[in-house]
Every structure is written in structure tokens, then in C-alpha cells.
Amino acid sequence: MIVTTERTVRELALENPASTRVFEKLGIDYCCGGKKSLGEACRAANLNIDQVLASLEQANQPALTPQAEEHWHAAPVAVLIAHIQNTHHKYTREEIARLGPLFEKVCSVHGRNHPELLQVYEAFKGLAQELGTHMLKEEMILFPYIARMEAAVTGKKSLAPAPLGSVQNPVAMMEHEHDSAGNALRVMREASHGYSAPDDSCVSYQTLYRALAAFEADLHQHIHLENNILFPRAVAMERTL
């Protein structure tokens, strides 16, 4: 993989999935902000471009790229959809259910001394509600239609017109909602100072922040798979019908 500052973050993430680990570590948005060039992304995050290039080159070494890493742009779309639902949607729902009570517990003890914690919680509640509706729309409407499109293309059959019009319409809506989720994640990260628990934090406080950091990383990967792989493939399939 050739790494240059002119290439988009999306291109680099697609060509070498190990690049996403570098982006995650450095705080580079490769899901919602994947259309930016690497140079633009580095400037936005106040990162040294040479150091970022070196990290990406290192991640590009074969020894550091697990052979088991799935290249989802080559897998059947139905398999990718199943992975998103069974891995990322499942994880998101489970963590939202787990983190709500944990937030309540931590805020009841530390909220008075750490008002930023309440800000993180408010952002999380809004995000959780939005994601719940968002995932249902994908699972009930968009994903089944994309799967039917793939079946029509591979079977060389016609596809009944969808009531949603072009697939680009729901895709645009989902991407807009992904942008909103990305904004909520940024609010949470900034308010929590990068999920750094204060010196007087208890074990539950520290557990909460570690879990939120993991939740953020998974949601980034989740959105990356949809914005940068699934949705472009769906739009391209529609053109062949």
C-alpha cells in the first residue's frame, strides 16, 4: 500500500484494515471523516504528518497485518450485513443496556464534584436513543433491500421498485445520522478529557471510562464498515440493475 498525504483516510483504511488501529490511536476520524485527505486529517487533529506516515508504514508491514483480518470490500454483501448486525449492532445494544445503570451509579457519587461527568452522560443518553432508532431502520428497511439487490444482481433477476426510491436516499439519511453520532462521540471525549478518570475516581468510574473508550472504538469501526464499504457497494450495485 502506498501511503501519501494526498490519499483519503477512507482509501487507506480500506486498503489496509490495520490502518484503522493507527487512526483510532491518534484520534483520526476514518468513518464519518473518511473523505478527508490524510494531510487534512492530520492538520485537523494537530498531528505531525511525518510521524503519522511512519506509523502507517509500520502498520503496512505484512508481519503486523493479521491474515484473519477480513477485507469486507470483497466479501458478499449479505455476509457483511450479517457481520454488522451480529457483531456491532449486538455489541452496541448490550453496552447501552450495561452502561446506563453504571452511569447512574457513578453520577450519583461523583456528579457533584465532577460536573463534566453529567455532560458526558447527557451526550451518551442522546446518542443511545438515536442509535436505537437508527439500527432498527437499517435492520428493518435498508439492509434487507441491499441484500435483495445483491440477490438480484448475482441471480441476474429483476428487482421490484423500492418504496424508498433510489438506495441513495436512505444511505444519505444513515450517513447524516452517522455524522450526528460522530459529533456526540467527540463531545463525550472532550468532556471526559479523553476518558481520563480523575485522581479521586472509584473503580466504577474507571470502569465506565474504559468501557466508553471501547464503545467509541467499536462505533468507529461500525460506521466505517457502513459508510466506506457497505453503502458505496450498495450504490454501485443499484447502477447495474
Side-chain angles (χ1 to χ4, degrees), residues 9 13 20-34 36 41-48 51-52 55 84-139 173-227:
V9 174
T20 62
R21 296 189 182 92
V22 176
F23 295 145
E24 200 70 55
K25 181 179 179 181
L26 298 176
I28 293 177
D29 183 358
Y30 62 90
C31 49
C32 301
K36 290 182 180 178
C42 289
R43 286 190 290 273
N46 295 315
L47 295 170
N48 182 289
Q51 292 178 358
V52 174
S55 296
I84 290 171
Q85 292 189 179
N86 297 333
T87 302
H88 298 291
H89 282 199
K90 181 175 183 289
Y91 172 85
T92 298
R93 289 189 172 103
E94 289 176 348
E95 285 303 280
I96 286 173
R98 180 174 78 96
L99 293 176
L102 184 57
F103 253 120
E104 291 285 353
K105 175 183 177 181
V106 174
C107 286
S108 67
V109 176
H110 296 276
R112 178 175 296 181
N113 293 332
H114 296 284
E116 73 280 0
L117 182 61
L118 303 178
Q119 184 182 356
V120 177
Y121 187 24
E122 285 303 311
F124 176 80
K125 286 191 290 187
L127 175 62
Q129 183 175 11
E130 184 174 307
L131 286 174
T133 304
H134 174 87
M135 291 187 295
L136 277 178
K137 287 187 285 189
E138 289 182 333
E139 293 169 357
M173 180 182 293
M174 295 302 99
E175 289 181 336
H176 175 73
E177 292 178 5
H178 286 166
D179 288 342
S180 178
N183 291 335
L185 290 176
R186 280 187 285 275
V187 168
M188 292 164 61
R189 175 164 283 277
E190 290 172 6
S192 65
H193 308 291
Y195 298 116
S196 298
D199 293 338
D200 62 342
S201 62
C202 63
V203 173
S204 293
Y205 202 149
Q206 296 168 27
T207 299
L208 173 65
Y209 271 14
R210 283 196 297 269
L212 288 173
F215 184 85
E216 176 192 66
D218 183 82
L219 191 54
H220 282 164
Q221 181 66 15
H222 175 176
I223 294 174
H224 162 65
L225 290 175
E226 294 183 0
N227 277 16

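Hydrogens, waters and symmetry mates play no part in the numbers below; they use all other heavy atoms, side chains included.
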Full working for side chain to side chain contact (heavy atoms under 4.5 Å, CB included) between Y195 and E216: CA-CA 10 Å; Y195 298 116; E216 176 192 66; 4.1 Å; yes

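- Going from atom CD1 of I223 over to atom CD1 of I84 covers 11.0 Å, rounded to the nearest 0.5 Å.
- Side-chain contact between F124 and L208 is absent, with no heavy atoms from C-beta onward closer than 4.5 Å.
- Between the side chains of E138 and H89, at least one donor-acceptor pair of N or O atoms lies under 3.5 Å.
- Of the residues listed (H220, H224, Q221), the one engaging E24 in a side-chain hydrogen bond (donor to acceptor under 3.5 Å, both in side chains) is H220, and it is the only one.
- Looking at F103 and L212, their side chains come closer than 4.5 Å, going by heavy atoms from C-beta outward.
- For the atom pair OG of S204 and CG of L102, the computed distance is 6.0 Å after rounding to the nearest 0.5 Å.
- Inter-residue side-chain proximity for H114 and D200 is flagged as met; some heavy-atom pair is nearer than 4.5 Å.
- For C107 against Y121, the heavy-atom pair with the smallest separation is SG-CD2, 3.8 Å.
- Residues V9 and D29 are not in side-chain contact: their nearest non-hydrogen atoms beyond the backbone lie 4.5 Å or more apart.
- We find the OH-CG distance between Y30 and N227 to be 11.5 Å, quoted to the nearest 0.5 Å.
- Residues M188 and L127 meet the side-chain proximity criterion, which asks for heavy atoms closer than 4.5 Å.
- Of the inter-residue distances, the one linking I96 atom CD1 with F215 atom CZ reads 4.5 Å to the nearest 0.5 angstrom.
- For the pair H134 and H178, the minimum side-chain heavy-atom distance is below 4.5 Å.
- Contact between E95 and A211 at its shortest, heavy atoms only, is OE1-CB, 4.3 Å.
- Looking at every heavy atom in both residues, A197 comes nearest to Y205 through CB-CD2, 4.5 Å.
- Remark: Q129 CD is loosely packed, at most 12 non-hydrogen atoms of other residues, nucleotides or ligands lying under 6.0 Å away.
- Closest of all the heavy-atom pairs between E130 and A181 is OE2-N, 3.8 Å.
- Remark: the backbone N or O of R189 is paired with a side-chain donor or acceptor of S192 at under 3.5 angstrom.
- Across every non-hydrogen atom of Y209 and V120, the tightest pair is OH-CG2, 4.2 Å.
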Verdict with reasoning, M174 to E226, per side chain to side chain contact (heavy atoms under 4.5 Å, CB included): CA-CA 9 Å; M174 295 302 99; E226 294 183 0; 5.6 Å; no

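- Atom NZ of K125 has more than 12 neighbouring heavy atoms from other residues, nucleotides or ligands inside a 6.0 Å radius.
- Other residues, nucleotides and ligands contribute more than 12 heavy atoms inside 6.0 Å of the NZ atom of K137.
- G111 and L117 make their closest contact through N-CD2, 4.4 Å (heavy atoms, listed as atom of the first residue, atom of the second, distance).
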Side chain to side chain contact (heavy atoms under 4.5 Å, CB included) between Q119 and V187, worked out: CA-CA 9 Å; Q119 184 182 356; V187 168; 4.1 Å; yes

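- Separating the OG1 atom in T207 from the CG atom in L99 is a distance of 10.5 Å, to the nearest 0.5 Å.
- With values rounded to the nearest 0.5 angstrom, H110 atom NE2 is found 6.5 Å from S201 atom OG.
- Under 4.0 Å is where a charged nitrogen must lie from a carboxylate oxygen, and between R98 and E94 no such pair does.
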